[in-house]
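This report concerns only the one structure given below.
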Amino acid sequence: MIYLKERSEYLIIGNGIAGISAAVSLRNKDNEGKITVVTKSPKPFYYRIRLIEYLADKTEFEKLVGYGEGFYLDKDIDVKLDMEVTNIDSKNKKVTFEDGSSVEYNKLLLATGARPRYPNIKGIKEKKGVLKFRGVNDSDEIANHVEICKEVAVLGGGLLGIETAFSLLNLGKKVTVIETAPRLLPRQLDEEGSRILQKILEEKGINFILGKNVEEILGEDCVKGIKFGDGEVFQVKSLVLSAGITPRLELAESAGVEINRGIVVNEYMETSIKDIYAAGDSIEFQGTLYGLWIPAKEQGDVAGSNMAGEKSKYNPISSETRLKVSGISFFSGGNIEPMGAHIYKYNKEGIYRKFFVRDEKIVGAILLGDAKTAMKVGGFIKNRESTDVIYGLYE
């Protein structure tokens with residue numbers, strides 16, 4: 001137990017990728033300061049981006065765990081699991097836990113993450129069989145529930161929704177993805193690329209219902225079906241939510257820091273209150289909520305550096321996404337807005353490439369079926385390479 005008189009020079013709330021990255025960054029900059037990570041989760045830090053493999057029963061949880069106990073001992077990072085913070089007294093620099101104990105801090109990081117978003121659909125919160133997918137416990141619940149179901153619907157056709165559908169397919173289920181947009185991944189793909197990806201996924205066995213709004217989840221206590229806005233009913237007994245995330249803001253509110261859609265931070269990951277920092281899925285930076293693994297890690301690194309007293313700015317690189325589905329090579333990144341861009345496009349023999357060029361520099365790209373180029377293209381965009389590096393791809 002943590003006692004009131006014990007002080008942690010650096011206190012981090014949350015042991016996801018942002019919190020743990022901040023702790024490691026701190027230790028690299030400060031060899032002596034006391035670093036404490038507290039989390040209400042009973043699980044050690046694990047690679048949440050690999051939960052798809054876990055859900056598909058292709059790996060054990062232990063293989064998802066990021067670091068063993070020896071790592072934290074070597075770094076002298078004190079991790080407290082299963083401890084829920086209920087309040088932050090920013091004036092007296094003290095946090096209180098659910099069991100009534102407290103700890104003081106010099107500098108605090110909020111890495112509280114996010115929870116699954118529930119769309120405004122009648123019956124979605126009350127029915128058994130509506131399953132969220134965010135953590136390892138959710139994965140266990142989904143796997144246990146769908147054992148008795150032959151068919152499962154996934155609400156949300158984004159990257160996570162598609163990956164979730166593929167994992168359920170690997171469990172032997174008939175899977176239908178329901179997406180309100182008229183096509184897949186409208187933020188990451190153009191119309192042509194969406195059609196190609198949908199065809200590939202359909203050939204693998206995933207069904208799609210696109211461009212339809214869900215009005216109600218049917219059933220008394222348990223899910224019996226889905227009613228669409230046009231009156232059509234889709235019979236299904238399991239519905240997995242993949243409709244985005246909502247930042248966890250309760251502790252930030254108790255601390256009195258500025259909040260908009262997320263915890264507002266500047267380029268140093270500082271909040272509106274001195275000595276309180278924030279990073280990860282709960283933050284809003286320059287009007288943007290990221291909710292992605294790589295930005296969360298980068299934000300944690302920056303926050304840790306600044307908490308240790310070394311000024312380090314967060315300069316977000318152009319976001320990139322990759323689809324973690326076996327047998328499909330997909331990349332989308334950078335600025336893929338066609339307006340004002342010179343476009344190089346190739347669609348032949350199962351390979352789809354589209355590069356977006358401004359001022360003879362590569363600023364964005366979409367790739368399907370080209371694993372070799374996909375390994376390099378992130379660097380093309382980050383370094384704003386000239387078009388010379390892609391000319392050979394169009395011969």
Side-chain angles (χ1 to χ4, degrees), residues 1-27 33-46 48 66-67 72 75-116 132 134-138 245-265 269-284 289 291 296 299-300 303-304 306-308:
M1 180 181 290
I2 301 178
Y3 296 97
L4 176 61
K5 290 185 179 180
E6 183 182 349
R7 174 182 291 275
S8 183
E9 187 163 354
Y10 307 111
L11 182 64
I12 297 170
I13 303 176
N15 76 328
I17 184 60
I20 294 300
S21 295
V24 173
S25 177
L26 266 168
R27 181 55 74 219
K34 180 173 177 55
I35 301 172
T36 306
V37 180
V38 296
T39 174
K40 68 177 182 179
S41 172
K43 304 287 187 183
F45 163 65
Y46 62 90
R48 188 163 45 81
Y67 306 114
Y72 299 108
K75 294 285 186 181
D76 193 19
I77 297 171
D78 189 14
V79 179
K80 305 286 188 181
L81 302 178
D82 209 11
M83 292 195 69
E84 183 172 1
V85 177
T86 56
N87 185 70
I88 299 172
D89 180 351
S90 56
K91 182 178 180 180
N92 295 303
K93 291 191 171 183
K94 181 179 74 173
V95 304
T96 302
F97 298 94
E98 189 176 36
D99 64 2
S101 62
S102 303
V103 64
E104 297 176 352
Y105 64 85
N106 290 352
K107 294 184 179 180
L108 174 70
L109 174 69
L110 299 173
T112 48
R115 58 173 60 89
K132 63 185 186 300
R134 182 69 178 169
V136 66
N137 291 337
D138 299 329
I245 57 176
T246 300
R248 295 181 184 272
L249 303 176
E250 296 86 354
L251 289 179
E253 289 172 344
S254 75
V257 302
E258 181 184 355
I259 293 171
N260 188 29
R261 292 186 300 150
I263 303 169
V264 178
V265 296
M269 298 293 107
E270 296 170 323
T271 69
S272 59
I273 293 180
K274 188 176 185 301
D275 294 331
I276 298 183
Y277 299 74
D281 293 349
S282 61
I283 75 154
E284 178 180 339
L289 295 171
Q299 292 158 10
N306 286 304
M307 290 170 75

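Considering every non-hydrogen atom in both Tyr46 and Val136, the closest pair reads OH-N, 3.1 Å. Closest heavy-atom contact between Leu11 and Tyr105: CB-CB, 3.8 Å. In terms of heavy-atom proximity, Ile276 sits nearest to Ala255 at CD1-CB, 4.2 Å. Here the closest heavy-atom approach between residue Ala114 and residue Arg134 is recorded as O-NE, 3.4 Å. When every heavy atom of Pro44 is checked against every heavy atom of Asn15, the shortest pair comes out as C-ND2, 3.6 Å. Taking all atoms of both residues into account, the shortest heavy-atom contact from Gly304 to Leu26 is O-CD2, 3.3 Å.
Here the side chains of Leu251 and Ile13 are in contact, with some heavy-atom distance below 4.5 Å. The shortest distance between side-chain heavy atoms of Pro42 and Leu81 does not fall below 4.5 Å. By the 4.5 Å heavy-atom criterion applied to side chains, Asp78 and Lys80 are counted as neighbours. A heavy-atom distance below 4.5 Å is found between the side chains of Tyr72 and Ile20. Side-chain contact between Asp275 and Leu108 is absent, with no heavy atoms from C-beta onward closer than 4.5 Å. Contact annotation: the side chain of Glu270 never approaches that of Asn306 to less than 4.5 Å [non-hydrogen atoms, C-beta and beyond].
For the atom pair CG (Asp281) and CZ (Arg115), the distance works out to 12.0 Å, reported to the nearest 0.5 Å. With rounding to the nearest 0.5 angstrom, the CG atom of Leu109 is 5.0 Å from the CE atom of Met307. With rounding to the nearest 0.5 Å, the separation of CD1 in Ile77 from CZ in Phe45 is 11.5 Å. For the atom pair Asn137 CG and Ser41 OG, the distance stands at 7.0 Å (nearest 0.5 Å).
Between the side chain of Ser254 and the backbone N or O of Ile88 there is at least one donor-acceptor pair closer than 3.5 Å. Remark: the backbone N or O of Gly33 is paired with a side-chain donor or acceptor of Arg27 at under 3.5 angstrom. A donor-acceptor contact shorter than 3.5 Å is absent between the side chain of Asp89 and the backbone of Glu104. Checked by atom type and distance alone, the side chain of Thr112 pairs as donor or acceptor with a backbone atom of Arg248 at under 3.5 Å. With hydrogens and angles disregarded, a donor-acceptor distance shorter than 3.5 Å links the side chain of Ser21 to the backbone of Ile17. Between the side chain of Glu9 and the main chain of Asn106, no donor-acceptor pair closer than 3.5 Å is present. Although no hydrogens or angles enter the test, the distance criterion places a donor-acceptor pair under 3.5 Å between the side chain of Glu284 and the main chain of Arg261. Side-chain atoms of Thr96 never come within 3.5 Å of backbone atoms of Thr86 as a donor-acceptor pair (strictly under, hydrogens ignored).
Ionic pairing of Lys132 and Asp138 is present here: one or more N-O contacts between side-chain nitrogen and carboxylate oxygen are shorter than 4.0 angstrom.
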